[in-house]
Amino acid sequence: MTKDKFNWRFCLCCGLFIWFIVNLLQGIFTEIQEDEAYYALYGEHLAWGYFDHPPMVGLMTFLSSIFFSGTLGVRFFTILASCLSLFVIWRIATFNDRPFDRLRDLEPTPQNKVVEPVETPTHQNIFLFFTIAFSIVMFNIYGFVTTPDVGLILFSAWFLLVYQRYLAESNWIRAFLMGVLMACMVYSKYHAFLLLGLIVLSNLKLLKDGKFWVACLMALALLMPHILWQIEADFPSFKYHLSQRSEPFRWSYFLEYLPNQLLIFNPFTFGAVVYVLLKHNPERATRTGAGGATPAKNQVFERGLKFILIGFFFFFWLMAFRGHVEPHWTIVCVIPAVVLVYRKALVDEKLRKYTKRFILPSLLLVLTIRILLLTPMADRFGYHGKEKYYKAVEQVAGESPVVFQGSFQQPALYHYFTGKKSSTLRSYYDRKTQFDLWQFDMAWIGLKVFICGPVIDLSKTYHIDGVEFEGYLAEHFQSANRLVLDFSINTANDGEIPVFRIGDTINMDFSIFNPYDQPIDFNHSEMGMNLRVLFPDQLLAYPCIYEDFPPLQPNTAYRGQLKAILYNNLPTGSCRLTLAIGDRIAVFAPIENCLNINILEK
């Protein structure tokens with residue numbers, strides 16, 4: 001091994017080792033984040049799918065918990081995946097026809113000469129690469145914080161590496177690997193479909209490639225367990241992501257998108273990416289390079305990287321028209337961003353100077369952010385100060401399960417910090433979560449349960465170790481959340497929208513099925529329930545008139561009639577109506593069963 005080759009390999013290993021140690025220490029000493037506790041529960045209940053995400057993040061937390069407890073029991077495989085992602089991105093960036101010649105592509109002029117290509121990288125190349133990669137803020141966060149994006153970054157980078165080599169020389173082994181990696185990408189996060197679609201759009205010749213179709217069929221076969229899980233669970237993930245997340249348009253969602261992207265990618269690095277997209281010229285070299293990659297094939301691959309960057313950026317900006325867009329949804333763009341900026345900096349003196357003068361100093365800001373996450377100042381971002389609260393709740397609840405109102409993060413955090421049972425009960429305005437599929441609370445009917453949250457006439461305020469919270473111990477717990485409610489309007493004809501006036505009375509038939517193994521008593525002294533007519537778009541609910549009925553026996557249905565009055569404060573026009581069950585904790589309603597009605601003036 002030559003001295004130069006030793007130097008660059010040593011520098012690369014040092015950079016990866018530093019990245020591993022920094023993320024390891026950060027992972028140990030930074031408090032668990034809300035969603036991480038939720039994903040840790042995924043790992044305790046392994047399945048082929050979950051309500052919010054595919055199962056890869058659950059597998060990662062499960063594997064981490066085998067070797068460690070505490071924060072590393074959630075984050076260890078995330079830290080390993082981040083290091084491997086960084087190495088794979090380096091391999092992508094350095095696989096081209098003349099990867100390490102900074103002055104390649106320059107036309108011979110009196111001012112600059114053409115030099116022979118350098119076939120091995122130097123320590124300057126390594127330093128340039130790590131400067132660009134480490135400058136991306138969200139990539140630093142996902143170096144130790146466990147989310148589905150961690151697996152998506154790793155397997156997307158790995159897929160792009162194999163795809164890059166497949167373009168250079170297609171064979172069945174590489175096609176097989178692409179199929180496996182495509183499945184792993186989808187098992188990590190559904191955004192993988194967008195990335196794969198953009199790759200195909202950038203290279204339509206793939207549609208005529210038999211090996212690529214075989215890779216797709218292999219991916220489909222590997223995804224069958226997840227597909228069957230979705231079918232059995234009635235496609236909860238697709239319903240949630242494609243329809244239930246939709247919100248009315250707000251200008252704030254649209255206008256905040258670009259500033260958020262600047263922040264997560266680092267404004268200086270983001271500027272470099274824009275420069276590369278505007279200025280990057282096609283390869284001019286003519287010789288075939290490493291692995292059989294020709295300049296034309298390099299152009300195809302780099303076009304794919306650009307499609308990913310531009311496609312993700314504008315796709316999710318358009319998604320702002322249907323609701324809030326999380327800034328990190330574009331984080332997979334870290335792969336093409338680092339690769340394209342690094343490659344361009346090798347041949348562009350202006351970009352190298354820009355990297356040295358602006359991107360390199362910004363690493364101090366990134367380091368400052370990482371340090372702040374270890375301090376109480378990180379409270380607002382969910383990285384500090386939570387354990388004390390849940391330990392205080394545990395002192396009151398003891399061994400009893402704890403039920404929270406509406407939040408899926410709170411029961412996950414309570415379980416993480418205490419190891420005790422916990423769940424959540426949602427109202428009609430709360431979104432469904434994995435807790436609605438787990439249904440832990442079904443086993444607690446009739447048992448003593450601590451209700452954490454304000455409940456009129458029942459909750460009291462506790463002050464423990466400087467922590468204040470409300471709640472009460474229910475001696476005989478029951479919940480409306482799992483009851484199956486159905487209804488119909490007596491006067492409604494099939495295919496017609498019923499018309500009523502303000503002050504009218506709506507007559508309905510209803511049925512309630514009790515899936516619990518214990519009776520449900522609507523006249524329960526602690527957790528009584530009542531039927532209400534709900535207008536979800538107006539956030540209005542009114543009590544109904546109906547006869548008392550006996551406790552609902554296990555696995556049986558009760559059928560009856562009720563009346564609902566349209567009060568004066570209801571708006572006129574078309575609106576949605578459904579039937580809801582209110583208990584002392586929440587107002588549960590099957591929003592998917594809403595009926596449309598028209599309301600006219602009195």
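Side-chain atoms of N23 do not come within 3.5 Å of backbone N or O of F20 as any donor-acceptor pair. Side-chain atoms of H524 come within 3.5 Å of backbone N or O of H476 as a donor-acceptor pair.
Residue L340 is tested with I308, I132, L309 for a side chain to side chain contact (heavy atoms under 4.5 Å, CB included); the sole match is L309.
A centroid separation of less than 6.0 Å is found between the aromatic rings of F238 and Y190. The ring of Y257 has its center closer than 6.0 angstrom to the ring center of F313. In this structure, the ring of Y472 has its center no less than 6.0 angstrom from the ring center of F450.
Screening residues 437-458 for side-chain hydrogen bond (donor to acceptor under 3.5 Å, both in side chains) gives D441-R482 as the qualifying pairs, with residues at least two apart or on separate chains. Sorted by first and then second residue, the pairs that involve residues 307-328 and meet side-chain hydrogen bond (donor to acceptor under 3.5 Å, both in side chains), not counting sequence neighbours, are S246-R322, E256-H324.
D465 has no carboxylate O lying under 4.0 Å from a charged side-chain N of K391, or vice versa, which leaves the two without a salt bridge. Contact check on K460 versus E470 returns no salt bridge, with no Lys/Arg side-chain nitrogen under 4.0 Å from an Asp/Glu carboxylate oxygen. We find that D52 and R431 are joined by a salt bridge, their nearest charged nitrogen and carboxylate oxygen being less than 4.0 Å apart.
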Run Q26 and N140 through side-chain hydrogen bond (donor to acceptor under 3.5 Å, both in side chains) and show every step you take. CA-CA 10 Å; Q26 187 99 48; N140 280 263; over 6 Å; no

Walk me through whether F235 and H241 qualify under ring pair (Phe, Tyr, Trp, His ring centres under 6.0 Å). CA-CA 10 Å; F235 302 98; H241 290 293; over 10 Å; no

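The shortest side-chain heavy-atom distance between T94 and Y342 falls under the 4.5 Å cut-off. Between V339 and L305, the closest side-chain pair of non-hydrogen atoms falls below 4.5 Å. Considering only heavy atoms from C-beta on, F77 comes within 4.5 Å of F67 through its side chain. Side chains of I79 and L72 form a contact here, defined as non-hydrogen atoms less than 4.5 Å apart. Counting heavy atoms from C-beta on, the side chains of T461 and E468 come closer than 4.5 Å.
Minimum interatomic distance between V366 and F134 (heavy atoms only, all atoms of both residues): CG1-O, 3.9 Å. The shortest heavy-atom contact between F265 and C333 is CZ-CB, 3.8 Å.
F68 is linked by a ring pair (Phe, Tyr, Trp, His ring centres under 6.0 Å) to F76, counting only residues two or more places apart in sequence or in another chain.
No more than 12 heavy atoms of other residues, nucleotides or ligands lie within 6.0 Å of CZ in F127, so this atom counts as exposed by the packing criterion.
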